[in-house]
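Structure first, commentary second.
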Amino acid sequence: MREEDGANGPALPVLALIAALFLPPLGVFLDRGITPTFWISVALTLLFFLPGLLFSLGAILVPRFARRD
């Protein structure tokens, strides 16, 4: 879902980051769709909010070349 921003490299998914602050699985869904990463985020958020938030922010901010899904 990320678009190239020309000379500045990949555009930062600002909407996904803002959504992840309030509802972590929503941010992951906006960035990656329904993948195993999304379901892990749902499970962690249901257990405790903070682990879900940290996992979601990490999943959104990881560089594209390091992704497997």
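As the structure is a computational prediction, the values presented were derived from the model and not from experiment. Heavy-atom basis, side chains included; hydrogens, waters and symmetry copies ignored.
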Please output the side-chain donor-acceptor pairs of residues 18-29 that fall under 3.5 Å, not counting sequence neighbours, one pair per line with the distance.
none

For residues 39-49, which side-chain donor-acceptor pairs fall under 3.5 Å, sequence neighbours excluded?
unit_1: S41; atom_1: OG; unit_2: S56; atom_2: OG; d: 2.7
unit_1: T45; atom_1: OG1; unit_2: S41; atom_2: O; d: 2.7

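- Annotation: the span from L17 atom CG to D31 atom CG amounts to 8.0 Å, rounded to 0.5 Å.
- The hydrophobic cluster containing F55 does not contain I34, counting ILVMFWY residues as joined when their side-chain heavy atoms lie under 4.5 angstrom apart, directly or transitively.
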